[in-house]
Amino acid sequence: MRKAEADTARDSLWATRPLGAGPDVSASPAARLIWPTSQPLQAPRRRPGRDLPAAATAMAQENAAFSPGPEEQPRRRGRQRYVEKDGRCNVQQGNVRETYRYLTDLFTTLVDLQWRLSLLFFVLAYALTWLFFGAIWWLIAYGRGDLEHLEDTAWTPCVNNLNGFVAAFLFSIETETTIGYGHRVITDQCPEGIVLLLLQAILGSMVNAFMVGCMFVKISQPNKRAATLVFSSHAVVSLRDGRLCLMFRVGDLRSSHIVEASIRAKLIRSRQTLEGEFIPLHQTDLSVGFDTGDDRLFLVSPLVISHEIDAASPFWEASRRALERDDFEIVVILEGMVEATGMTCQARSSYLVDEVLWGHRFTSVLTLEDGFYEVDYASFHQTFEVPTPSCSARELAEAAARLDAHLYWSIPSRLDEKVEEEGLGEGAGEEAGADKEQNGCLPPPESESKV
């Protein structure tokens with residue numbers, strides 16, 4: 001009987017409504033059972049004997065447009081990274097007019113150059129000095145007339161066996177590099193040659209110190225050491241000790257450790273002040289344990305770095321939906337000294353909105369073997385879903401506070417119960433004394449003294 005009434009109510013709903021419109025749920029109580037108002041309207045099922053595919057499709061599209069529901073995917077917006085995943089800062093300096101400032105710190109400028117340019121300057125520095133001093137040696141020989149008395153055994157030249165520019169160039173190389181093959185030798189009858197020999201020896205030592213120092217610093221830079229410091233590909237948001245936390249994982253692939261390692265996190269997000277000033281790429285610190293010392297790491301095995309979302313966090317009022325619709329970038333910086341060289345090393349990475357997973361937790365990578373711990377880096381980037389509320393940390397804290405207040409006021413304490421029992425006992429005693437006094441009994445001495 002109930003099934004027949006429901007079918008009759010459903011037919012009456014769709015018989016009186018135009019195509020593309022939802023049913024009139026206010027028609028009857030039975031209709032409300034079929035189409036609850038708390039749920040988004042869906043396209044009706046196709047009934048036998050009626051072919052309405054176009055109408056059903058149009059109705060479903062219309063309902064989807066006006067009733068998005070929780071299953072709607074957030075709109076993704078592309079964002080240019082401020083820091084790439086490999087740590088490279090995606091910023092280029094343009095319209096720099098005071099280029100002379102680079103020459104004031106020539107050593108750092110040469111170290112910062114690309115390898116092909118550094119090698120080019122290295123070769124040119126030696127080749128040009130050899131050519132320069134070789135030309136001077138040739139000019140001295142030409143000015144003294146040594147090239148005209150090559151066959152004269154009685155003539156004392158400035159440099160023995162120097163018969164042309166090529167010989168002068170080779171003598172310059174032998175002098176600056178202190179090779180000294182012994183075939184070309186300066187004589188004591190050439191004072192200008194002696195002065196030039198001293199100048200080339202001093203200048204050659206300076207060129208060697210400068211260029212070799214640049215190449216040594218460039219080779220020993222700890223930039224490549226940062227390549228073995230890895231960050232998780234995603235950051236996660238989940239509960240830790242009952243509080244929402246933003247977490248990411250770091251690890252070191254080498255057996256030589258990073259000494260005095262410390263971690264920092266920055267939130268990069270544009271904002272507008274109360275006065276209307278727009279601040280692009282505003283940087284905000286994310287606390288990762290600076291107050292408690294948790295930011296100083298003993299990075300022997302992979303560690304999960306946690307940022308507790310509290311009242312001081314910029315994500316305090318961000319729910320899951322608000323976080324997915326936001327536009328920001330989280331930059332993480334790991335610093336420390338290389339154990340082998342003692343030089344400071346810095347590794348960087350970043351996470352965009354799409355790379356922050358709400359309701360996930362990192363898979364454990366550390367296992368206990370026979371006599372040692374083993375790290376499985378195959379699971380380093382893996383996460384799994386965990387039950388996590390979709391509300392913001394503020395709403396979660398307020399709900400917890402309301403729950404605590406409700407428990408406090410709803411459950412009486414034992415002390416209150418004891419006080420109530422004592423009050424009832426005293427009231428019963430007073431009533432018994434009054435009864436005795438009414439029956440002609442004298443009150444005790446204490447009661448008389450009180451009266």
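Applying the salt bridge (Lys or Arg N to Asp or Glu O under 4.0 Å) test to R97 and every residue at least two apart in sequence or in another chain returns nothing. Listed by chain and residue number, nothing satisfies the salt bridge (Lys or Arg N to Asp or Glu O under 4.0 Å) test with R271 (two or more places apart in sequence, or in another chain). Residues satisfying the side-chain contact (heavy atoms from CB on, under 4.5 Å) criterion with D112, sequence neighbours excluded, are T108. Checked against disulfide bond (SG atoms under 2.5 Å apart), C158 has the following partners two or more places apart in sequence or in another chain: C190. In terms of the salt bridge (Lys or Arg N to Asp or Glu O under 4.0 Å) criterion, residue partners of E398 (sequence neighbours excluded) are, by chain and number, R394. By the salt bridge (Lys or Arg N to Asp or Glu O under 4.0 Å) test, R81 pairs with E355, sequence neighbours left out. Partners of V304 by side-chain contact (heavy atoms from CB on, under 4.5 Å), not counting sequence neighbours, listed by chain and number: R240, M247, R249, F362.
For the pair T367 and D376, the minimum side-chain heavy-atom distance is 4.5 Å or more.
Taking all atoms of both residues into account, the shortest heavy-atom contact from S392 to L244 is C-CD1, 4.1 Å. Closest non-hydrogen pair, S319 versus S390, comes out as CB-O, 3.4 Å.
The salt bridge (charged side-chain N to carboxylate O under 4.0 Å, His left out) pairs that include a residue from residues 279-295 are K266-D285, where partners are two or more places apart or lie in different chains. The salt bridge (charged side-chain N to carboxylate O under 4.0 Å, His left out) pairs that include a residue from residues 250-263 are R225-D252, where partners are two or more places apart or lie in different chains. Legend: salt bridge (charged side-chain N to carboxylate O under 4.0 Å, His left out) pairs involving residues 332-343, not counting sequence neighbours, sorted by first then second residue: R264-E335. Under the ring pair (Phe, Tyr, Trp, His ring centres under 6.0 Å) criterion, the residue pairs touching residues 272-325 are F315-F328, with sequence neighbours excluded. Sorted by first then second residue, the salt bridge (charged side-chain N to carboxylate O under 4.0 Å, His left out) pairs that include residues 175-200, not counting sequence neighbours, are R144-E192, E174-R184.
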Evaluation steps, side chain to side chain contact (heavy atoms under 4.5 Å, CB included), between R320 and T388: CA-CA 10 Å; R320 177 174 184 174; T388 305; over 6 Å; no
Steps toward side-chain hydrogen bond (donor to acceptor under 3.5 Å, both in side chains) verdict (Y351, S232): CA-CA 10 Å; Y351 301 98; S232 58; 3.2 Å; yes
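Shown here is Y181, whose OH atom has no more than 12 heavy atoms of other residues, nucleotides or ligands within 6.0 Å. Within a 6.0 Å radius of CZ in F132, other residues, nucleotides and ligands contribute 12 heavy atoms or fewer. Counting non-hydrogen atoms of neighbouring residues, nucleotides and ligands closer than 6.0 angstrom, the CZ atom of R116 reaches no more than 12 such neighbours. Crowding of Y102 atom OH: a count of heavy atoms from other residues, nucleotides or ligands under 6.0 Å not exceeding 12. For CG of N90, the number of neighbouring non-hydrogen atoms (other residues, nucleotides, ligands) closer than 6.0 Å is greater than 12.
In this structure, the separation between OG on S350 and CD1 on I268 is 9.5 Å, given to the nearest 0.5 Å.
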